[in-house]
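Every value quoted in this text rests on a predicted model; they were computed, and no experiment measured them. Letters A, B, ... are given to chains in the order of the sequence lines, protein chains preceding strands, and every chain is numbered from 1.
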There are 2 protein chains.
Amino acid sequence: MAATLHDVANLAGVSIKTVSNVVNDYPHVKESTRTRVRQAIEELNYQPNLSARSLRSGRSGVIGLVLPELSLSYFGELADAVIAEAEKHGLVVLIEKTGADRDREIAVLTSPRMQLTDGLIFSPLGMGQADARHFEVDFPVVLLGERIFGGPVDHVTMRNVEAAQAATELLLKAGRRRIALVGAHVDEDVGSAALRTRGYEQALTAAGIEVDPSLVRYTTLWHRSNGAAAIRDLLSDGVEFDAVFGLNDALALGSMRALQEAGLRIPDDVSVVGFDDIDEAQYTLPSLSTINPGREQIAALAVELLLARIRDGGGRPSEPREVLVDFEVVVRESAVPAD
Amino acid sequence: MAATLHDVANLAGVSIKTVSNVVNDYPHVKESTRTRVRQAIEELNYQPNLSARSLRSGRSGVIGLVLPELSLSYFGELADAVIAEAEKHGLVVLIEKTGADRDREIAVLTSPRMQLTDGLIFSPLGMGQADARHFEVDFPVVLLGERIFGGPVDHVTMRNVEAAQAATELLLKAGRRRIALVGAHVDEDVGSAALRTRGYEQALTAAGIEVDPSLVRYTTLWHRSNGAAAIRDLLSDGVEFDAVFGLNDALALGSMRALQEAGLRIPDDVSVVGFDDIDEAQYTLPSLSTINPGREQIAALAVELLLARIRDGGGRPSEPREVLVDFEVVVRESAVPAD
DNA sequence: GTGAAAGCGCTAACAA
DNA sequence: TTGTTAGCGCTTTCAC
């Protein structure tokens, strides 16, 4: 059986409280007592029982990370970043996946499954602006993504509009004028799709180009297959185009595949830009020009904000914070400025 | 403040034990009492405190999953499968990543960080056969992968040798004779690399082809970049070859990129086969022929075995089980049988 | 600087 | 069928 505080106290000939003080690095302990206790801990290979500590203190040292799906590269890489960041703070990460399903996302917020976390980093893909009230919960939450703004919790998000605008401008600088957009969503005014579409439109408008609806292709999901299908449709519709902006890298990569199948050369015939800068984007042929949306920074900020909320637990919560992260245009082979 | 068993008991006018019985679906409770308690639970929005339950019962309902890295597609997809499987059993998953570092892998087994898990599913990439003793711990562990055999814990693994043999045979059936192997490891006799290399050799030998050492290329990591680099070396060494077997899909995909850069056509000039069947393999150009190693089944078995060990907690542990999972050859465009 | 004792919310003997 | 009670191992007042 594992040793308890009591055992250590007995062996060291002190009270249980003193041991607790040593374990928690309490300052007011005589040096000689401290070493004696340390020895006893060593000897018994004592390890604090986290359940007991958590019951007593109300903290578990576990944070929850709620994501659509780990096998989507973007989220896999985000999870890695969050775990690494959490570890720096001595926290451990419990991951729940929702499959981008709104009901499941809401369920996570109310179910007892995440009870033993001290707080949640939450990346919804099914919930929308109208669901903001679901975040009025009595534990700390940091919201990620661009589906809900002005909610009652801290929010870390990327500069979608500006970044999409920059991506589109890269294609314009490559001398392209007929830029297809792959991955738009019907009737949405929030969410990555809507914001990035807005950036695309702004860039075109600023360049004096009218947005041609036949170039805007809609997909429900953002997987490779959807990108490939969108391009096949575009081609079979006989729409002329000289560039593709995929609203994420998977769409862009799927698009590349379909373009190449059709015998089109990238970037000679068609330039392609993606969004996310997943690892894979470096190793395709041609390599994919894309937007690095600041994933690492998002993870770091999310953990820090959450930790701050957890620490302040007691007091009246301060205003929710909205934090924007810097992005970067990554120029590779699939789209290069003409100059 | 959250409601406790006491509050519910008071409201329902019963004892705390009765409430506990209802919450835990204990059979011997009068129907009328049960409904009364249910109402009280509803009214107070009572949710059991998991820390307390865990302290008392010794179970947390959390299982740990220890992986090298979530951003490697194979592990991202494995994590998804484990989480889905765990959920079926009402369990939640805590993920720790080791970065394939031996010391960190060993640390996870001893540190208190995973204390509040009921058991671990462990996928090492740094530890080797000699580290088997580190698994002699007093909590349930299910080992994944092919680095440690005959250890003191249950083990779920794929048929690496047979699957690699089948992959190589696919290339032979495509009429290839000069098959390059990408991703071998120096001086290893366990681990995916060694086992898959053995399958490759067996297939060649069975076909009466001698293994040409100049066709066997070594890489430390199994990322896309390593595959690409290996092929560039192969080409600059002037070694003739008509097929590539990448020991995982990332290597195969990186290889494809380098081959295409060099103006070689796939599968016309060079056939390529990978291993893992990650999602991406369907959407590259050409799509990648590969081995599906039974990831879903591995996840399901791992969770089941772990759960069984957790349940038997008390008794003397039975012999560790070694479970092999079925694989499947997935023929796509990059390598097709000649007939 | 150290000790005694209460109790976090729950489960599980045992009693009734 | 239901109630009483004793802790699980820890943190935390409050004394000393």
Given that His6(A) and Val14(B) both sit by DNA chain D, which one's nearest nucleotide is further toward the 5' end? Val14(B)
Under 4.0 Å, heavy atoms only, any strand: does Ser51(B) hit a base, just the sugar-phosphate, or nothing? nothing
Distance in angstrom units between Ile41(A) CD1 and dG9(D) P, rounded: 16 Å
Counting just side-chain N and O atoms, does Asn49(A) come under 4.0 Å of either OP1 or OP2 of dC8(D)? no
For the side chain to side chain contact (heavy atoms under 4.5 Å, CB included) test, which of Val66(B), Leu78(B), Leu67(B) pairs with Leu144(B)? Leu78(B)
Got Gln47(B) and Gln115(A) here, is their nearest side-chain heavy-atom distance under 4.5 Å? yes
Can you tell me whether the side chain of Arg56(A) and the base of dG7(C) have a donor-acceptor pair closer than 3.5 Å? yes
Ionic contact status for Lys88(A) with Glu85(A), cut-off 4.0 Å: yes
I need the CD-P distance between Gln47(A) and dC8(D), as an integer number of Å. 19 Å
Describe the nucleic acid contact of Ser54(B) in one word from base, sugar-phosphate, nothing, applying a heavy-atom distance below 4.0 Å. nothing
DNA chain C nearest-nucleotide lookup for Lys17(B) and Tyr46(B): closer to the 5′ end is Tyr46(B)
Output the rounded distance in Å from CZ (Arg53(B)) to P (dC10(D)). 21 Å
Using the side-chain heavy atoms of Leu55(A), tell me which of these nucleotides is nearest: dC10(D), dT1(D), dC8(C). dC8(C)
For dT2(D), does either OP1 or OP2 sit under 4.0 Å from a side-chain N or O belonging to Thr18(B)? no
NZ/NE/NH1/NH2 to OD/OE distance under 4.0 Å, Glu87(B) and Arg104(A): yes
Does a side-chain N or O from Thr33(B) land closer than 4.0 Å to OP1 or OP2 of dT2(D), or not? yes
At under 4.0 Å, does any side-chain N or O of Ser15(A) touch on OP1 or OP2 of dG3(C)? yes
Tell me which of Ser32(B) and Ala52(B) sits closer to the 5' end of DNA chain D, going by the nucleotide each one is nearest to. Ser32(B)
So if I take every side-chain heavy atom of Asn21(A) and compare against dC10(C), dT2(C), dT2(D), which nucleotide ends up nearest? dT2(C)
Do NZ/NE/NH1/NH2 and the carboxylate oxygens of Arg295(A) and Asp279(A) come within less than 4.0 Å? no
Can you tell me how far P of dT2(D) sits from CZ of Arg34(B), to the nearest Å? 9 Å
CG of Leu50(A) versus C1' of dT11(D): gap in Å, rounded? 14 Å
Provide, to the nearest angstrom, the distance between the CG atom belonging to Leu5(A) and the P atom belonging to dG7(D). 18 Å
Calculate the interatomic distance between Leu116(A) atom CG and dC10(D) atom C1'; express it in whole Å. 17 Å
When rounded to whole Å, the CZ to P distance for the pair Arg59(B) and dC10(C) reads 18 Å
